[in-house]
Amino acid sequence: MRSYHLEWFGGVEGIVLRDSGPRPEPAGPTGIVVALRAASLNKRDLLILERRYPLSAVPGVVPLSDGAGEVVAVGEAVTRFAVGDRVSCTYFPRWRDGRITPDAVDQPGCTLEGMLAEYAALDEEWAVRVPDHLTWEEAATLPCAGVTAWHALTGGEAVGPGQTVLTLGTGPVALFAVQFAKLLGCRVVATTSGERKADRLKALGADAVVNYRRTPDWSRAVRELTDGLGADLVVETGGPDTIEQSVRASALYGQIALLTTGTADRPGIEISHAAYASSLATIRRVFVGSRSRFEDMNRAVSAHGLRPVIDRVLPFEEAHRAYREYATAGAFGKVVIGIGGAGGS
């Protein structure tokens, strides 16, 4: 099989394509082998490449946490899957439910072999079935951004019909959050920087969009759109650049699902006394989610026929281009890499 490996850090040239020999066999009695059909990029993949990710990557690891494919072989004790099943690997393979524990932090594409390969050898407990109506490319977008957005909306005090969810920008997590919030019956207010993106957010389901370039003090606009009450839940994807405004935009007892705590330019978040002293909002840290969260999300995706937003799909041989375009092109939706005949359900 062919697989990419992270041979050195600092740039995409360090990701090297290898002929890794024959197709792998199941790793033990509960192992499965998956013929991968698509993989997708996340911000964490750039951070790993730049050595700015909290978890240190294993040298030579196969990159990317997100992928989907077909089970082609199973160990003799496998009960969860059969040959032909459509599956994806979870972001934290050893985190099944409840709260994560220190011994469950390993991740594909970092400390475990990832999805940028023609085959993946997994334990059956690491995998979940993907919704039948999704293409391979769509299914490959779910493990990180999809589960993160779902966990942000449902992992604390779950929001419901009539409540307001605020999303920030047009990154993949924010787009999933718009879709999931509408699925849950919420009103969605989104922020973005331009009219074209505003139109696309509205087409995706956003009820109102605030242009943060024209309105730097956008929390005021959010409060006006909510009759002064503020957002019941903020999916906080901006971190240091947006947390102050998010607190000001939040309802008195609102929730702020905090995803990003630092950037290359601003290594920590700061909230002014004036902003937080007038609020009783709860800030809740979110870091993707467990296998049970993934499975809950997939049931909702299936029941509502939801389709993830994909910006572009590039072939396996152009993985370096996919990394570069993801980093620089301002994609609206996921950047996906097709593998081994991907292109349809």
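All figures in this text were calculated on a predicted structure; none of them were measured in a lab.
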Do Glu7 and Arg18 sit within salt-bridge range, that is, some charged N less than 4.0 Å from a carboxylate O?
yes
Rounded to the nearest 0.5 Å, what separation is found between the CZ atom of Arg96 and the OG1 atom of Thr101?
11.0 Å
Can you spot which of Ile100, Leu112, Val105 makes a side-chain contact (heavy atoms from CB on, under 4.5 Å) with Arg94?
Leu112
In terms of hydrophobic clustering (I, L, V, M, F, W, Y; side-chain heavy atoms under 4.5 Å; direct or indirect links), are Ile310 and Val335 co-clustered?
no
NZ or CZ of Arg86 within 45° of Trp136 ring axis and under 6.0 Å:
yes
Are Leu47 and Leu41 connected in the hydrophobic side-chain network, where two residues link if heavy atoms are under 4.5 Å apart?
yes
Start with the C-alpha gap between Phe294 and Tyr91, add the side-chain angles, then the distance that decides, and say whether ring pair (Phe, Tyr, Trp, His ring centres under 6.0 Å) holds.
CA-CA 9 Å; Phe294 198 165; Tyr91 190 90; over 10 Å; no
Hydrophobic cluster identity match, Val130 and Phe92, side-chain contacts under 4.5 Å
no
Any side-chain heavy-atom pair from Ser88 and Pro143 closer than 4.5 angstrom?
yes
In the hydrophobic cluster built from side-chain contacts under 4.5 Å, what are the other members alongside Val247?
Leu166, Leu168, Val189, Val210, Tyr212, Trp218, Val222, Leu225, Val234, Ile243, Ile256, Leu258, Ile269, Ile271, Tyr276, Ile283
Members besides Val16 in its Ile/Leu/Val/Met/Phe/Trp/Tyr cluster (side-chain heavy atoms under 4.5 Å)
Trp8
Mind checking the CZ-CD spacing from Arg307 to Gln179? Nearest 0.5 Å is all I need.
11.0 Å
Do you know the tightest heavy-atom contact between Leu142 and Pro131?
CD1-CD, 4.1 Å
Does Arg285, at its CZ atom, have more than 12 non-hydrogen atoms belonging to other residues, nucleotides or ligands within less than 6.0 Å?
yes
Look at Lys43 together with Glu50 and state whether they make a salt bridge at an N to O cut-off of under 4.0 Å.
no
Euclidean distance, Lys182 NZ relative to Leu306 CG, rounded to 0.5 Å
13.0 Å
Return the CG to CD distance between Leu36 and Glu118, rounded to the nearest 0.5 Å.
9.0 Å
Any side-chain donor-acceptor pair under 3.5 Å between Ser3 and Ser20?
yes
Can a donor-acceptor pair be found between the side chains of Glu125 and Thr30 at a distance below 3.5 Å?
no
Rounded distance [0.5 Å steps], CD1 in Ile32 versus CG in Asp85:
8.5 Å
Report yes or no: do Asp232 and Gln255 form a side-chain donor-acceptor pair below 3.5 Å?
no
What verdict does the side-chain contact (heavy atoms from CB on, under 4.5 Å) test give for Met115 and Val34, after you've listed the backbone C-alpha separation in whole Å, the side-chain angles of each residue and the deciding distance to 0.1 Å?
CA-CA 10 Å; Met115 301 294 114; Val34 180; over 6 Å; no
I need the single residue from Arg248, Gln245, Glu244 that forms a side chain to side chain donor-acceptor pair (under 3.5 Å) with Ser219. Which is it?
Gln245
Does any donor atom in the side chain of Asp265 or Thr263 lie under 3.5 Å from an acceptor atom in the other side chain?
no
Decide yes or no for Phe316 and Leu116: does some side-chain heavy atom of the first lie under 4.5 Å from some side-chain heavy atom of the second?
yes
Taking everything shown except Asp227 itself, do over 12 heavy atoms lie less than 6.0 Å from its CG?
no
Within the distance-only criterion (no hydrogens, no angle test), does the side chain of Glu236 pair as donor or acceptor with the backbone N or O of Gly238 below 3.5 angstrom?
yes
Hydrophobic cluster identity match, Met1 and Ile339, side-chain contacts under 4.5 Å
no
Treat each ILVMFWY residue as a node, draw an edge where side-chain heavy atoms are under 4.5 Å apart, and state whether Val128 and Leu122 are in one component.
yes
Tell me whether the rings of Tyr4 and His320 are parallel (<30°), tilted (30 to 60°) or perpendicular (>60°).
tilted
Look up atom OG in Ser193 and atom CG in Asn211, then write down how far apart they are to the nearest 0.5 Å.
6.5 Å
Side-chain ion pair, Arg299 and Glu295, N-O less than 4.0 Å:
no
Let's go through Leu201 and Leu175 carefully: what are the C-alpha distance in whole Å and the side-chain angles of both, what is the deciding distance for side-chain contact (heavy atoms from CB on, under 4.5 Å) to 0.1 Å, and is it a yes or a no?
CA-CA 8 Å; Leu201 283 165; Leu175 297 183; 3.7 Å; yes
Under-4.0 Å salt bridge between Arg220 and Glu224:
no
Measure from the side-chain N and O atoms of Thr148 to the backbone N and O of Cys144, and report whether any donor-acceptor pair falls under 3.5 Å.
yes
Short N-O contact, Glu318 and Arg312, less than 4.0 angstrom
no
